[in-house]
Amino acid sequence: QKEVEQNSGPLSVPEGAIASLNCTYSDRGSQSFFWYRQYSGKSPELIMSIYSNGDKEDGRFTAQLNKASQYVSLLIRDSQPSDSATYLCAVNRDDKIIFGKGTRLHILP
Amino acid sequence: DVKVTQSSRYLVKRTGEKVFLECVQDMDHENMFWYRQDPGLGLRLIYFSYDVKMKEKGDIPEGYSVSREKKERFSLILESASTNQTSMYLCASSGQGRGGEQFFGPGTRLTVL
């Protein structure tokens, strides 16, 4: 089992709809969870961090964490064409962060 | 805002050359990291450092070395560049203890001919 798993996509979502990105992880001891956005040819940019079970909202973004199910998700409301990017899920393992390979999101105008 | 800078955005080198990639952060972060990113393989950790003059191997250290003489600067060295080291190289730093949020530099796209 991979440490951090994401569906590679592409995930196509109409403009204005909710995009839902999912991630599972294998280490039950993980305590910190991150979502990064990466535009083509650019470096990853941190958009959300979550540490406790439940939801965390920041503008149009909501991160959801369920440690019992080892599942973390990112919801993007009112999707915009500028949200088209690859989204990387990252989870801490001991003293490091392990990154998933990312989900490509395509917002359809 | 955290600022992580890398010495070059694009670099072209020849096989066998010694290559230096520099990374500087301005937020007094203790931790610094070097990754490479290749299509289909994701981000892979090369080396990291939790303090000045400290270094630890990541998942793919072969063919690379690092230097951290000052807290703000972390250098990646390709001792003898090879074509399979053509990649995007990303530097990151973090300050919230180990395993915390990492902030990335803009990346260096290295091509080895």
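Per chain, numbering begins at 1; letters A, B, ... match sequence-line order. The model shown is predicted, which means the values in this text are computed figures rather than measured ones. The analysis underlying the following values was restricted to heavy atoms, covering all of them including side chains, and did not include hydrogens, waters or symmetry mates.
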What part of [X] is in contact with chain B, defined as an atom under 4.5 angstrom from a non-hydrogen atom: side chain, backbone, both or neither?
| X | result |
| --- | --- |
| A:L46 | side chain |
| A:L88 | side chain |
| A:Q38 | side chain |

Can you tell me if B:S67 uses its side chain to pair, donor with acceptor, with the backbone of B:S75 under 3.5 Å?
no
Donor-acceptor contact below 3.5 Å, side chain A:N92 vs main chain A:Q31:
yes
If you count heavy-atom pairs under 4.5 Å with chain A, which of B:G58, B:G42, B:P106 comes out on top?
B:P106
What part of B:R44 lies closer than 4.5 angstrom to a heavy atom of chain A: side chain, backbone, both or neither?
neither
Is chain A contacted by the side chain of B:Q37, its backbone, both, or neither, given a heavy-atom distance below 4.5 Å?
side chain
Taking the side chain as everything from C-beta on, heavy atoms only, tell me whether B:T5 gets closer than 4.5 Å to B:K3.
yes
Heavy-atom side-chain proximity of A:Y36 to B:F104 below 4.5 angstrom:
yes
Taken to the nearest 0.5 Å, the spacing of B:L110 CG from B:T86 OG1 works out to 6.0 Å
